[in-house]
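Structure, as structure tokens:
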Amino acid sequence: MKINIDNKSYEVANDSTILEVCKLLNIDIPTLCYDERLTPHSACRMCLVEVEGAKNLVTSCSTRVRDGMRVFTNNEKVRSARREVLDLLLSNHPMECLNCEKSGRCKLQNYAYEYDLVDGTFKGETRKGEIDSSNPFYIYDPEKCILCGLCVRVCDELQCSHAIGFEDRGFDTIVATPFREGLINSECVSCGNCVSVCPVGALVPKSLEKFRHWETKEVRTTCSYCGVGCQIDLKVKDDKVLGAQPAFDGVNQGLLCVKGKFAYKFISHPDRLKTPLIKKNGEFVEASWEEAYRLIRQKATNIKEESGADSFAGLTSARCTNEDNYLFQKLFRAVIGTNNVDHCARL
Amino acid sequence: MLVMDMLDEIKDKNRKQLEERLTQKGGYIIDEDGIKLDGDYFKKQVRIALKNCDIIDPTNIEEYIAMDGYFSLKNILNNMSQQEVIDIMKQSGLRGRGGAGFPTGRKWETALQYSSDKKYVICNADEGDPGAFMDRSILEKDPHSVLEAMAIAGFAIGSDQGFIYVRAEYPVAVKRLKAAIAQAKEYGVLGENIFGTNFNFDIELRLGAGAFVCGEGTALIESIEGKRGMPRTKIYRTAHRGLWQKPTIINNVETLANIPVIFQKGVDWFTKIGTEKSPGTKVFALVGKIETAGLVEVPMGMPLHEIIYDIGGGVPDGKSFKAVQTGGPSGGCIPENLLDTPVDFESLAKIGSIMGSGGMVVMDNTDCMVDIAKFFLDFTVDESCGKCVPCREGTKRMLELLEKITSGNGKKEDIDTMERLAVTISSASLCGLGQTAANPVVSTLRYFRDEYEAHVMDKKCPAGSCQSLLQYFITDKCIGCTKCAKVCPVHCISGKVKQLHVIDQDICIKCGACQETCPVNAITRS
């Protein structure tokens, strides 16, 4: 079908929303509550556009394109509505950007800059709430929250933990755990997917290190905890990993588990083993890989000669990749010569 | 099991008994046109949705049948196709009485078009506008009219399951509905094989938990699904993907109560009542500063002054009329010079109000219009679900501005800010609640701007209603009886016995206790 966006005609696919079409066409539309993996929520009202003939402005995230539709994504009416919405959000948001962990990566900050807003212009009551720091890995600050609902929906629709929800109504609405018993007492599995989607500084990882996002570089890696192969963009400053963000273009589609998201501190831990250790005279001594392999090979050969190949048994893990498991059984069957090989998922 | 022929038998038997009982009781007109309530209050009314209210015993299905109840359903199941039912609904021009005025027939036709293994009929009985009780009366006094209409709707769209979403604050309505559903099933007019045909239709109740926003169709659906009552963003229409993503129609109680009568008396009869674009009647809850408050059902198009003066008897206590508020918190205030406006969807919208679900609050010269706007906005702020930014944050800021103005701290630019904010809230909010939330402010600014300006510029409340802007003075009439000083809760009145007393304006909380207690009317308010 044909539609007209900002006075240009385009041929677009049926059954898409205006926002989806605009993303494909590289037409920028601001969003705070949109996530392509989730059901449209249409709460932030930042993606408002004008559709000719419609009574009110419409949210592009939830309006499907129609043949012959005329859309204006950036005219004065649209911009002023977005600016007012931002103004309302900023008026109920602590202006602590100087000390906020999210500074530089905050969508609200970026849009405030884009729409020339220094501060919220409505001086009145602001949302009050206590920081929930009961979870060992992240904190929730309800005063910084803009109630976009991404955390609630990612927890419901993708992680399926249903640990958090909206509580109270209207201006008093906050994101909370059932009966406000705190994250640690909820169904939360600490996956941190809520933290990954939070557009502002309301949900941030607990971190001992101070850093600014612009000081870091992102390094793509594959998570080594299990065989799924989740892609992670590690946040690295001075060769030190300071955070992990799930990649959208990997098999994990922007999701991680508690290990992938938060368990990266071992990388630069002083106790971490960096070389193999060989016990000599009752004490472990650092050795080279070559030395270690030589010792294993020598011991394996001796045992095989003395007790036969079936005196060996190999146990691998279902969490290793298929490739790792294949090679492991190959080692036992072809090299050592036994079929005594199994893995931990046979329980 | 009630077979088709037994309906006539039940009707004849009970009609006679009913007429005898009502004749004995008095206050009714019983003639060949039917049974009506007698009295001046009812003379100008045309009762369709309320036709059985205060006439039949709502706990007895046989009295509903005596008033031709369930004959429409019987006739439809016996003689009509789904499309024929929908065609009649479309021809009748019946529009949703919940407020939006969407044509009922078109809604049903959309739901019929989509094939699905399951479809739902929902009755929206979550009446929540302050001062409105139209639906409550129908549910309590004529529950079977709603059940019959839902079964008709179920047949028309191909649904076998209905839900009535009724607020838990209406315990009598809930009790009557439960009893009515049980009776209807016992008589075979609900449940399986209705009237012996292969049409099945069951109705269940779902109770609301006090959220006004659950009267909004999609929030209501979320609530029935067991989720938090927040409006959905509409990618698809409810008639396409509604309750549990199945085709669903939602009709308001009053809309439904009209339907059996339309099928009974015919489209020609119905369309002669009311106006061309808004046929039929509308029930209003006429309340506030009015001589005779109560429910009035009038033909659409009746001018406001006829309702207020000819039916309601005008403003009592010798005070003068100032405005009438229609449409509840989504509506607007209409001034005296527009009282010849006919009540129908288009005319009320044109003057900045809405028909709404039927609240009609009359105000007199002691009501401050800024304070009224504040009252309604306070309600909306309380009832906003908190989902979208303009409604959650915007209405709160508007309320804060109104509080500033009524407390005497308003500035001229505050009025401009409110007007700007009103545009955003109306055009950018997600659901009807937000989109209409600014109406009370916009309409009072349109017709009573001078009152806002008096509050802001002169720091005065012309109606003498905003406490912070009042001042109490003791005049020379004072006899020095000390009564006022004794009654003052903050001890701000001083003076010796038999001498003129003085009020310390800095401490006075403007409670008015001194004025009430003064035996010689020496205390004035300005």
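Here is the naming used below: chain letters follow the sequence lines, and residue numbers restart at 1 for every chain.
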Rounded distance (nearest 0.5 Å) linking atom [atom1] of [X] with atom [atom2] of [Y]:
{"X": "B:Leu430", "Y": "A:His41", "atom1": "CG", "atom2": "NE2", "value": "8.5 Å"}
{"X": "B:Lys234", "Y": "A:Arg64", "atom1": "NZ", "atom2": "CZ", "value": "13.0 Å"}
{"X": "B:Leu421", "Y": "A:Asp87", "atom1": "CG", "atom2": "CG", "value": "9.0 Å"}
{"X": "B:Ser429", "Y": "A:Leu57", "atom1": "OG", "atom2": "CG", "value": "10.5 Å"}
{"X": "B:Arg392", "Y": "A:Thr173", "atom1": "CZ", "atom2": "OG1", "value": "6.5 Å"}

Interface moiety of [X] toward chain B, non-hydrogen atoms closer than 4.5 Å:
{"X": "A:Thr63", "value": "neither"}
{"X": "A:Asp168", "value": "backbone"}
{"X": "A:Glu167", "value": "backbone"}
{"X": "A:Arg82", "value": "neither"}
{"X": "A:Asp156", "value": "neither"}

Which pair of heavy atoms, one from [X] and one from [Y], lies closest together, and at what distance?
{"X": "B:Arg397", "Y": "A:Ser91", "answer": "NH2-O, 3.5 Å"}
{"X": "A:Ser42", "Y": "B:Cys388", "answer": "O-CB, 4.4 Å"}
{"X": "A:Arg169", "Y": "B:Asp382", "answer": "NE-O, 3.3 Å"}
{"X": "A:Pro40", "Y": "B:Ile235", "answer": "CG-CD1, 3.5 Å"}

Within a reach of under 6.0 Å around [atom1] of [X], are more than 12 heavy atoms found that belong to other residues, nucleotides or ligands?
{"X": "A:Lys55", "atom1": "NZ", "result": "no"}
{"X": "A:Glu181", "atom1": "CD", "result": "yes"}
{"X": "B:Lys277", "atom1": "NZ", "result": "no"}
{"X": "A:Glu187", "atom1": "CD", "result": "no"}

Could you have a look at [options] and say which one has the most heavy-atom pairs with chain A under 4.5 angstrom?
{"options": "B:Glu400, B:Lys404, B:Gln435", "answer": "B:Glu400"}
{"options": "B:Ser384, B:Cys391, B:Ala211, B:Ser426", "answer": "B:Ser384"}
{"options": "B:Ser427, B:Ala428, B:Gly386", "answer": "B:Ser427"}

Which atoms of [X] are under 4.5 Å from chain A, going by heavy atoms: the side chain, the backbone, both sets, or neither?
{"X": "B:Glu383", "value": "both"}
{"X": "B:Thr380", "value": "neither"}
{"X": "B:Arg420", "value": "both"}
{"X": "B:Lys396", "value": "side chain"}

Checklist line | Residues of residues 213-231 of chain B contacting chain A, heavy-atom criterion under 4.5 Å, by residue number | finding: B:Arg228, B:Met230
Notebook entry, point to check: Top residue by heavy-atom pair count (under 4.5 Å) with chain B, among A:Leu48, A:Asn92, A:Leu32, A:Val85?
Noted result: A:Asn92
Margin query: For a 4.5 angstrom cut-off between non-hydrogen side-chain atoms, does A:Glu84 reach B:Glu393?
Written below: no
